[in-house]
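Below is one structure, written out as structure tokens; comments come after it.
Only heavy atoms go into these numbers, but all of them, side chains included; no hydrogens, no water, no symmetry mates. Each ligand, and each atom within it, is numbered from 1 in the order the structure gives. Residue numbers start at 1 and run along the sequence shown.
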Amino acid sequence: MREYAIATIPADGIGPEVIAAGTRVLAAIEKREGGIKFNIENFDWGSDYYKKHGIMMPTDGLKQLKKFDAIYFGAVGSPDVPDHITLWGLRLPICQGFDQYANVRPTKILPGITPPLRNCGPGDLDWVIVRENSEGEYSGHGGRAHRGLPEEVGTEVAIFTRVGVTRIMRYAFKLAQSRPRKFLTVVTKSNAQRHGMVMWDEIAAEVAEEFPDVTWDKMLVDAMTVRMTLNPRSLDTIVATNLHADILSDLAGALAGSLGVAPTANIDPERRFPSMFEPIHGSAFDITGKGIANPVATFWTAAQMLDHLGETDASARLMQAVERVTGAGILTPDVGGTANTKEVTDAVVDAIYASNV
Ligand code: IPM
Ligand code: MG
């Protein structure tokens, strides 16, 4: 029996609804697959915990999580707690504390989903965005001075290190190499940002030498939005800084039909720490508690988790089940359907049992 310790942190908004759905699907995988066992432990950290304790997670939170094989995360954010507190209190300390420096965001138009772009259909927009996840614009460096006075200043310093840039480039080139097209687009803004971004470009060119079989090109981030929209088939694997990839991955999610289907994996490629898997969508207060959250992103990220754990067959079975269900038109309202979270989850569970991969 291959056993995996999974920490679930549903946290805020629709997080608990989608993680509950994801947990049901993992249980179905466990039963259908045989030979796998998920030992799941739930953590009630997040904004409610903050309102009771003044912190988003206990001070020894990372110590508690370290022994797990993976973390399955819902969403953070609450209307009555400032976003920078919820984010810097839970998700970012986990990503940065566990050095999950590669944030991997696949996109694909799933069957049954009508994308906003003309002439795009199922299987198109088969991209993977690799987001640098440990530094750059999210380093947390900067400060405020002279608060409230006319001369007040605020700085937000983007930090790029040779170690940080080299390792994310290597990760991205390796990932590109593993995909059929072996093609990587390096996103930059080195025309306007003439220090860190120029170093980013130089390191990309250096790392490219290690991967002679990978073709690569370079795009300025603003022009990249145009290319993603007007020439989407010209892209495959994409690497960008923390902030650039944050923005581009929202665009990718929208072009693929909905953020409700977009997954993300926060990976420590060296496996010193647990990696963390989550849907990209946030806590979505507008639909919280209505039972209509799209669980597909949470299922897709569970497939990423299974891949990371080496359970590639189970991962393929799960994605096949998800695609059968979307293809059958069992969709939540954000992707044009009328099904609720439970109906989509029931259908995916059934498809897992019925699958024959
Ligand atoms: C994401 C989100 C987060 C980010 C928010 C919630 C701070 O937009 O995962 O893309 O910017 O990293
Ligand atoms: Mg984002």
Exercise. N/O/S of Asp246 less than 2.8 Å from the Mg ion (ligand 2)?
Worked result: yes
Exercise. Of all the non-hydrogen atoms in the protein, which one sits nearest to atom 5 (C) of ligand 1, and at what distance?
Worked result: Leu87 CD1, 4.3 Å
For this session: Using a 4.0 Å heavy-atom threshold (strictly under), name the region of Glu278 that reaches ligand 1: side chain, backbone, both or neither.
Result: neither
Exercise. With the 4.5 Å side-chain cut-off for hydrophobic clustering, are Val207 and Met199 part of the same group?
Worked result: yes
Seminar exercise, completed: atom 2 (C) of ligand 1 sits nearest the protein heavy atom Asp246 OD1, 3.9 Å
Exercise. Of all the non-hydrogen atoms in the protein, which one sits nearest to atom 3 (C) of ligand 1, and at what distance?
Worked result: Arg91 NH1, 3.9 Å
Exercise. Taking only heavy atoms of Arg131, which atoms of ligand 1 are found under 4.0 Å from at least one of them?
Worked result: 1 (C), 4 (C), 9 (O), 10 (O), 11 (O), 12 (O)
Exercise. Is the backbone of Ile168 close enough, under 3.5 Å, to the side chain of Glu132 for a donor and an acceptor to pair up by distance?
Worked result: no
For this session: Look at Arg167 together with Glu270 and state whether they make a salt bridge at an N to O cut-off of under 4.0 Å.
Result: no
For this session: For atom 11 (O) of ligand 1, grab the closest protein heavy atom and report residue, atom and distance to one decimal in Å.
Result: Tyr138 OH, 2.5 Å
For this session: If you have a sec, work out which protein heavy atom is nearest atom 9 (O) of ligand 1 and how many Å separate them, to one decimal?
Result: Arg105 NH2, 2.7 Å
For this session: Identify whether the distance between the nearest side-chain nitrogen and carboxylate oxygen of Asp126 and Arg181 falls below 4.0 Å.
Result: no
For this session: For Ser283 and Gly77, indicate whether the former's side chain and the latter's backbone hold a donor-acceptor pair under 3.5 Å.
Result: yes
Problem set entry | Lys52/Asp44 ion pair, N-O < 4.0 Å | no
